[in-house]
Amino acid sequence: MVNADIIAIDGPAASGKSTVAELLARRLGYLYLDTGVMYRAVTLAMLQKQIPVNDEAAVTNLAREIKIDVRPPSVEDQRMCDVLLDGVDVTWEIRKREVEQNVSQVSAYRGVRDAMTQQQREIGRRGKVIMVGRDIGTVVFPEAGLKIFLDASVEERAKRRAKELQERGKTIGYQEVLEDMKARDRIDSTREIAPLKPAKDAVVISSDGLTVDQVLQKILNLLNK
Ligand code: DC
């Protein structure tokens, strides 16, 4: 058995990491934390306060001031967790397109990353947590006992995301989702600070053509080694 108090699952948008991580957390009795929701909450707060996305100082101050809470789901509407921004439930609002179109720029700011990383480390230090994001294995918890980098082709990921959005009643088409995703991938993986990339000791799994259960089984096999 691998001694993994912290399991890091990184990868690009819609690679399936949240779904797999949430199932794994339930199976192991671990806490599940999707760090992407924290960057999304900062972005939503910025939009609500009409702070221009290019104003790095103002966005950074905002990231330090706001209170983001991530809790187990309190409503049965397919959410994986509750996300509270200054006490208000923003779980679905952080999924809107305007947030998606700005979140990569917001999460490239050093001050924003420092504020979020600090909170993530505090949560992780309590132990038994599965943390999902882009830089968990490389920056937030380089000492994590198991690091997975879950990947899939951009077309496959866009197909999954478009289906998810359509199921939630959104009218956005595949092509738009694909373009948004390519833009986000480019910023996330080329940014100077904590870019999206596998840690040297991460196990890279491609979820192309695999079911959620098959990916889950691969990770369980790694844990049982
Ligand atoms: O996983 P997601 O799509 O909800 O993430 C939203 C954005 O947040 C993503 O475009 C990059 C950023 N992010 C990050 O920079 N670092 C993380 N650990 C998690 C997400």
Side-chain angles (χ1 to χ4, degrees), residues 6-22 32-47 53 56 59-60 63 66 68 70 78-83 85 90-124 129-142 144 147-152 154 156-158 160-162 164-165 168 172 177-199 202 207:
I6 297 170
I7 300 175
I9 305 188
D10 290 302
S15 56
K17 53 191 192 307
S18 308
T19 309
V20 167
E22 204 260 346
Y32 158 74
L33 180 69
D34 176 3
T35 59
V37 301
M38 300 172 76
Y39 293 95
R40 286 172 181 266
V42 177
T43 308
L44 179 67
M46 176 197 82
L47 293 169
V53 67
E56 180 169 353
V59 176
T60 302
I66 56 175
I68 304 166
V70 187
Q78 296 193 313
R79 64 180 60 191
M80 292 187 192
C81 55
D82 284 1
V83 184
L85 171 58
V90 294
T91 308
W92 291 116
E93 239 191 309
I94 58 168
R95 300 280 156 199
K96 65 184 183 187
R97 192 167 182 211
E98 211 184 347
V99 171
E100 299 233 315
Q101 287 173 328
N102 288 281
V103 68
S104 284
Q105 189 171 343
V106 168
S107 59
Y109 292 148
R110 179 178 296 280
V112 172
R113 299 209 71 80
D114 286 347
M116 297 304 114
T117 301
Q118 195 185 329
Q119 292 183 32
Q120 291 156 16
R121 287 188 179 139
E122 277 163 25
I123 296 168
V129 58
I130 302 187
M131 215 173 272
V132 175
R134 302 288 189 288
D135 62 338
I136 309 305
T138 50
V139 175
V140 183
F141 282 109
K147 299 180 189 179
I148 305 290
F149 190 88
L150 194 57
D151 211 347
V154 69
E156 175 75 32
R157 291 186 284 117
R160 287 181 197 156
R161 181 54 53 86
E164 247 172 60
L165 291 170
R168 292 215 312 267
I172 189 163
V177 176
L178 181 67
E179 292 314 318
D180 283 0
M181 202 164 273
K182 280 184 180 166
R184 209 140 68 86
D185 279 359
R186 188 173 38 75
I187 304 176
D188 292 347
S189 48
T190 57
R191 71 182 174 217
E192 211 171 297
I193 315 153
L196 168 69
K197 64 166 188 212
S207 66

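Every number for a ligand or one of its atoms is a count from 1 in the order of the listing.
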Using side chain to side chain donor-acceptor pair (under 3.5 Å) as the criterion, list what pairs up with S207, not counting sequence neighbours.
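Side chain to side chain donor-acceptor pair (under 3.5 Å) check on S207 returns R160.
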Residue pairs fulfilling salt bridge (charged side-chain N to carboxylate O under 4.0 Å, His left out) with at least one residue in residues 104-118, sequence neighbours excluded
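Pairs touching residues 104-118 that pass the test: R113-D135.
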Which pairs pass salt bridge (charged side-chain N to carboxylate O under 4.0 Å, His left out) with one or both residues in residues 36-45, sequence neighbours excluded?
R40-E100
Enter the distance from E98:CD to T43:OG1 here, rounded to the nearest 0.5 Å.
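With rounding to 0.5 Å, CD (E98) is 10.5 Å from OG1 (T43).
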One line per pair, note the atom names and distance for all nitrogen or oxygen contacts under 3.5 Å between ligand 1 and the protein.
unit_1   : atom_1 : unit_2 : atom_2 : d
ligand 1 : 1 (O)  : R134   : NH1    : 2.9
ligand 1 : 1 (O)  : R134   : NH2    : 3.3
ligand 1 : 3 (O)  : R40    : NH2    : 3.1
ligand 1 : 3 (O)  : R134   : NH2    : 3.2
ligand 1 : 3 (O)  : R184   : NH1    : 3.1
ligand 1 : 4 (O)  : R40    : NE     : 2.7
ligand 1 : 4 (O)  : R40    : NH2    : 3.3
ligand 1 : 5 (O)  : R134   : NH2    : 3.4
ligand 1 : 10 (O) : S104   : OG     : 3.4
ligand 1 : 10 (O) : R184   : NH1    : 2.8
ligand 1 : 10 (O) : D188   : OD1    : 3.4
ligand 1 : 10 (O) : D188   : OD2    : 2.9
ligand 1 : 15 (O) : R113   : NH1    : 2.8
ligand 1 : 15 (O) : R113   : NH2    : 3.3
ligand 1 : 15 (O) : R191   : NH1    : 2.8
ligand 1 : 15 (O) : R191   : NH2    : 3.0
ligand 1 : 16 (N) : R113   : NH2    : 2.9
ligand 1 : 18 (N) : T35    : OG1    : 3.0
ligand 1 : 18 (N) : R134   : N      : 3.2
ligand 1 : 18 (N) : D135   : OD1    : 2.8

Qualifying residue, where the test is side chain to side chain contact (heavy atoms under 4.5 Å, CB included) with V59 and the options are V112, N102, V53
V112
If you compare all heavy atoms of G133 against all heavy atoms of D10, which two are closest, and at what distance to 0.1 Å?
C-OD1, 3.0 Å
